[in-house]
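Keep in mind the model is a prediction, meaning the values are calculated, not measured. Computation of the quantities below employed the complete heavy-atom set of this structure, encompassing side-chain atoms and omitting hydrogens, waters and symmetry-equivalent molecules.
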Amino acid sequence: MTTTAPETASEVGIFRHQAGMVRAVVRMNLESVTHEESLARPEPGGNCLNWVLGHLLVVYNHFLPLVGQAPVMEPSTLARYDRGSAPLTDPAEALPLADLVAAWERTVERVDAGLGTLTPDVLDRPAPHSPSGDPDETVRSLVSTVLFHQAYHAGQAGVLRRVAGKPGAIA
């Protein structure tokens, strides 16, 4: 995996770099995975790669308005992948992997564009919500939390790639 560090140490540059790393890791972990393989689940429990990618989309879909961008998919389309949903065990409930991948690519482009518009003043504003219930949540801390969340699940995608029978994507 080749990436370059942000040219400057600005917060926005760092956020964009982190989001770009997530994008690259997810892309590598999805390479050559079929829809059927994306439904392989770890045992004794857990979600499949299809659910993890859908979940990453849900989170960014909610995040995009915070950075001045429109969501790529209707929330109802992604409801099956939202936080707290049951593990995806019925293949009929899964969106086609190709559709999720296409939506992912459009979404990460918008995330990068939106992150690029953030200013220190915007980052200092109170966040419209806080996943952790922090009454002092700022846009800055929420961006950081969202990017951590996405990185966490990008790593899961690597394990689920192996569950699906594929070799590891990152050496």
Heavy-atom distance under 4.5 Å between the side chains of [X] and [Y], does that happen here?
X	Y	value
Leu95	Met73	yes
Val67	Phe15	no
Glu36	Pro91	no
Ser130	Pro135	no
Val52	Ser38	no
Val26	Asn29	no
Ser32	Arg161	yes
Trp51	Arg80	yes

Among the clusters formed by ILVMFWY side chains lying less than 4.5 Å apart, do [X] and [Y] turn up in the same one?
X	Y	result
Val111	Val101	yes
Val163	Met28	no
Leu78	Leu39	yes
Ile14	Val12	no
Leu88	Val58	yes

Taking all atoms of both residues into account, what is the closest heavy-atom pair of [X] and [Y], and its distance?
X	Y	result
Gly168	Arg162	CA-NH2, 3.3 Å
Pro128	Leu66	CD-CD1, 3.5 Å
Arg41	Gly46	NE-O, 3.0 Å
Leu64	Pro71	CD1-CA, 3.7 Å
Ala40	Cys48	O-CB, 3.3 Å
Leu142	Pro131	CD1-CD, 3.4 Å

Looking at [atom1] of [X] and [atom2] of [Y], how far apart are the two atoms once the value is rounded to the nearest 0.5 Å?
X	Y	atom1	atom2	result
Leu49	Leu97	CG	CG	6.5 Å
Asn50	Tyr81	CG	OH	4.0 Å
His17	Leu147	NE2	CG	11.5 Å
Asn47	Ser85	CG	OG	6.5 Å
Thr107	Asp112	OG1	CG	12.5 Å
Thr34	Lys166	OG1	NZ	6.5 Å

**Request:** Mind jotting down which residue pairs meet the salt bridge (charged side-chain N to carboxylate O under 4.0 Å, His left out) criterion with at least one end in residues 117-135? Sequence neighbours excluded, please.
**Result:** Asp124-Arg140

**Asked** In terms of heavy-atom contacts, does CD of Glu31 have more than 12 from other residues, nucleotides or ligands at under 6.0 Å?
**Response** no

**Val22 vs Val25, side-chain contact (heavy atoms from CB on, under 4.5 Å): CA-CA, chis, key distance, verdict** = CA-CA 5 Å; Val22 167; Val25 167; 5.9 Å; no

**Fill in**
Contacts satisfying ring pair (Phe, Tyr, Trp, His ring centres under 6.0 Å) that involve residues 150-171 (not counting sequence neighbours) are His55-His153, His149-His153

**Asked** Can you pull the ring pair (Phe, Tyr, Trp, His ring centres under 6.0 Å) pairs that have at least one residue in residues 96-116, sequence neighbours excluded?
**Response** Tyr60-Trp104

**Asked** Should the pair Arg23-Glu109 be classified as a salt bridge under the 4.0 Å nitrogen-to-oxygen rule?
**Response** yes

